[in-house]
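Since the structure comes first, as structure tokens, the remarks are kept for the end.
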Amino acid sequence: MSEKKRRGSKMRNICSNVYFIIRLFFRATPIYGFSIIVEAVRHNLVNFLEQTICVWLILDFIETGKPYSHVLYVVGLFLILDVAAAAVSNLYEQRIKLRYLPVAQKALKSMLYDKAEQVDLSCYDDAEYYDDFMLSIAESDNAISRAENLLRMIFGSATVLICYGTFFVTQDVTSVLFVLLSFILRTIVSNCLNKWRYRIRQEENPLERKRECVKRIFYLRQYAKELRLNKEASAVMHDEFNRINEELYAVRKRMGFKCFLLDFTAKYLVSDFALDIVYVLYLILKVVIHQTISLSGVVVLYNSAANLRRGFAMVVDLGPYALETSLYVEKIRSFLGRESRIENKKMRDIPEGVATIECRNVSFGYQKDKLILKQINLTLRPKEKVALVGYNGAGKTTLIKLLLRLYDPTDGVILLNGNDIREYDVNEYRRYIGVVFQDFQLFAATVSENIVMDKMRKEYEPSVLASVCKSGFHKKLKTLPKGIAQQLTREFCEDGVELSGGERQKLAVARAFYKNAGVVFLDEPSSSLDPLAEYQLNEAMKEVAKEKTVLLISHRLSTTRNADIIYVMEQGEVVEQGTHEELAAGEGVYARMWSVQANRYLC
């Protein structure tokens with residue numbers, strides 16, 4: 001590609017990104033967008049009238065000996081104009097901006113949050129994607145502010161150039177050349193400066209993300225006990241925090257001096273020096289030697305030169321600012337435009353009731369040459385209680401994610417009633433399965449909302465209470481002042497309740513039991529339960545399995561021993577399958593696991 005075409009493509013990309021963010025701005029709140037334009041024009045037009053026309057008229061009246069009543073008339077007229085302009089400005093700042101700016105910010109954040117919900121789970125394993133996502137979220141409010149600033153700069157600079165440009169052309173055309181010289185030089189230097197600043201931000205962003213992760217450890221509740229009981233860990237976090245800060249300091253030290261030189265050159269050498277010193281000498285020459293400009297004209301031209309320079313500076317800054325804005329918006333658009341690898345087709349309807357799920361020669365790896373799961377063959381038959389056991393890292397939770405179609409297999413196929421699950425609508429398919437992950441999350445909401453995962457309605461209450469009883473959470477529920485309407489955590493509510501680990505797990509299991517799903521996956525559902533609660537959960541699962549298919553993952557074989565069939569995984573493969581009695585009587589992985597744990601249980 002030729003240099004000319006490359007520059008043209010770059011310019012089109014900048015314009016496209018700027019258009020994207022401004023269009024989003026106007027779609028979210030057109031009133032605010034037009035108000036910004038009106039305010040930008042008003043501000044600069046009033047400045048021109050007051051600082052140039054008013055001063056010029058007053059000095060000219062005095063210099064030509066006009067009556068003082070003329071001066072007072074001009075002063076009074078501009079005082080009225082100033083009061084009216086101040087009222088308009090106050091209306092914009094205190095009413096329109098305060099009301100509508102959050103609306104525009106919300107619109108972009110909603111787009112980002114919606115996209116974050118839709119992208120594949122694999123994206124979170126991609127460091128580049130995660131950096132783009134974090135940068136997009138961090139820059140979302142700034143992107144809206146940049147759109148606002150761009151509108152101000154475009155219409156503000158246009159107003160300044162039209163007003164002051166017309167004035168200078170009618171008074172002294174040559175004066176414009178001094179401003180144009182500064183304009184050209186400042187454009188070149190400002191472009192270099194903004195590119196350098198963006199490069200700094202790119203280097204700082206991964207470090208700042210790491211620093212934020214360390215910072216969260218010191219103020220999030222879940223880390224508080226560990227830090228107090230393990231001072232060494234706290235010291236390690238402090239050292240890591242200091243190390244990251246030193247790296248950030250090194251980046252800024254290494255790149256900061258060039259920023260200083262570029263900034264000094266842009267703001268002084270090619271700006272203040274060129275206009276304040278050289279231009280003053282030119283005006284002195286015009287008034288003393290050539291006598292082509294009056295003293296009042298000299299004063300007004302010199303004072304107005306700064307404003308004309310400001311107009312050109314706004315134009316100069318508009319290009320680099322648009323470029324810098326484009327670079328950040330490009331990240332946001334890249335994130336929003338990311339296509340899901342999980343293709344969503346609806347060739348079939350989800351079957352009614354309980355169905356058969358089968359893994360047939362399923363293999364999977366985040367990288368094709370590094371398989372985590374290898375040739376998995378497994379069948380979940382209707383109303384069966386199936387257990388999946390194995391040591392840590394065997395691939396059990398990864399298999400659950402494949403069954404939920406959070407990932408697609410690298411090889412092989414997963415079938416629902418004999419049909420490829422890729423032939424079903426992905427959201428309907430996932431709703432068909434209830435699941436509790438080992439790393440489940442509870443939300444700062446009511447007990448009922450944490451179970452239904454939606455806004456609570458009166459008609460949901462019987463099902464919520466039934467699921468609570470099945471999971472064993474009903475005893476804790478009786479102690480809560482507001483019952484299922486009790487707020488959990490104190491994050492948003494001072495009288496919120498904090499649950500223990502076992503209570504949290506029971507509530508998470510209730511969520512899976514509540515869901516009207518033909519299949520339920522439970523990943524380590526009893527890891528935080530005491531023996532009695534574990535027994536009660538096993539009994540509940542027996543009852544649930546009469547109506548649903550249950551897939552249970554657990555290290556505690558007392559939970560899995562009553563399963564209809566047990567699959568044993570090791571290093572990403574199914575190495576054994578059978579009933580508890582068949583496997584315990586053998587000499588394989590399950591038998592070894594059982595022999596280690598058997599003395600804990602009553603057989």
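For the pair Gln51/Asn307, a side-chain contact is recorded, criterion being any heavy-atom separation below 4.5 Å from C-beta on. Contact annotation: the side chain of Ser89 never approaches that of His43 to less than 4.5 Å [non-hydrogen atoms, C-beta and beyond]. Contact check for Leu442 versus Thr489: no side-chain heavy atoms found under the 4.5 Å cut-off. By the 4.5 Å heavy-atom criterion applied to side chains, Arg254 and Val251 are counted as neighbours. The closest side-chain heavy-atom distance from Lys331 to Gln202 is below 4.5 Å.
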Q. Would Trp56 and Phe167 satisfy side chain to side chain contact (heavy atoms under 4.5 Å, CB included), going step by step from the backbone distance to the final call?
A. CA-CA 11 Å; Trp56 181 48; Phe167 180 78; 4.1 Å; yes
**Q.** Criterion side chain to side chain contact (heavy atoms under 4.5 Å, CB included) on Phe443 and Met453, from CA distance to verdict
**A.** CA-CA 9 Å; Phe443 299 89; Met453 295 298 286; 3.4 Å; yes
Q.
For Phe78 and Leu49: C-alpha separation, side-chain torsions, deciding distance, then whether side chain to side chain contact (heavy atoms under 4.5 Å, CB included) applies.
A. CA-CA 8 Å; Phe78 278 94; Leu49 293 174; 3.7 Å; yes
Q: Please test Glu324 against Lys195 for salt bridge (Lys or Arg N to Asp or Glu O under 4.0 Å), starting from the C-alpha separation and ending with a verdict.
A: CA-CA 7 Å; Glu324 186 178 3; Lys195 288 179 182 178; over 6 Å; no
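Of the charged side-chain nitrogens involved, at least one lies within less than 4.0 Å of a carboxylate oxygen, so that Glu212 and Lys215 count as a salt-bridged pair. Ion pair Glu148/Lys97 flagged as a salt bridge, since at least one NZ, NE, NH1 or NH2 atom sits closer than 4.0 Å to an Asp/Glu carboxylate oxygen.
Residues Phe34 and Phe26 bring their aromatic ring centres within 6.0 Å. Note: Tyr32 and Phe25 meet the aromatic proximity criterion, with ring centroids under 6.0 Å apart.
Remark: the backbone N or O of Tyr429 is not paired with any side-chain donor or acceptor of Arg405 at under 3.5 angstrom. A side-chain donor-acceptor contact under 3.5 Å links Gln487 to the backbone of Ala444. A donor-acceptor pair under 3.5 Å is formed between the side chain of Asn242 and the backbone N or O of His238. Under the 3.5 Å distance criterion, the side-chain polar atoms of Glu50 are left unmatched by any main-chain donor or acceptor of Asn47. The backbone N or O of Thr159 lies less than 3.5 Å from no partner atom in the side chain of Asn44, so there is not a single donor-acceptor pair. Ser334 contributes no side-chain N or O that, together with a main-chain N or O of Glu330, makes up a donor-acceptor pair within less than 3.5 Å.
Across all their heavy atoms, Arg152 and Met314 have their closest contact at O-CE, 4.1 Å. Closest approach of Ala445 to Asn450, counting heavy atoms only: O-ND2, 3.6 Å. The shortest non-hydrogen separation linking Cys213 to Arg216 is SG-NH2, 3.2 Å. Minimum heavy-atom separation, Ala40 to Phe155: CB-CB, 4.3 Å. Of all non-hydrogen atoms in Ala28 and Val103, the two that sit nearest each other are O-CG1, 3.7 Å.
Side chains of Asn142 and Tyr328: a donor-acceptor N/O pair is absent below 3.5 angstrom, by distance only.
A cation-pi contact, defined as under 6.0 Å to the ring centre and within 45° of the axis, links Arg146 to Tyr321.
Within a 6.0 Å radius of CZ in Arg95, no more than 12 heavy atoms belonging to other residues, nucleotides or ligands are found.
Of the residues listed (Ile332, Val329, Leu108), the one engaging Leu24 in a side chain to side chain contact (heavy atoms under 4.5 Å, CB included) is Leu108, and it is the only one.
Annotation: the span from Arg511 atom CZ to Gln441 atom CD amounts to 9.0 Å, rounded to 0.5 Å. Here CD1 of Ile244 is found 10.5 Å from CD of Glu208. Values are rounded to the nearest 0.5 Å.
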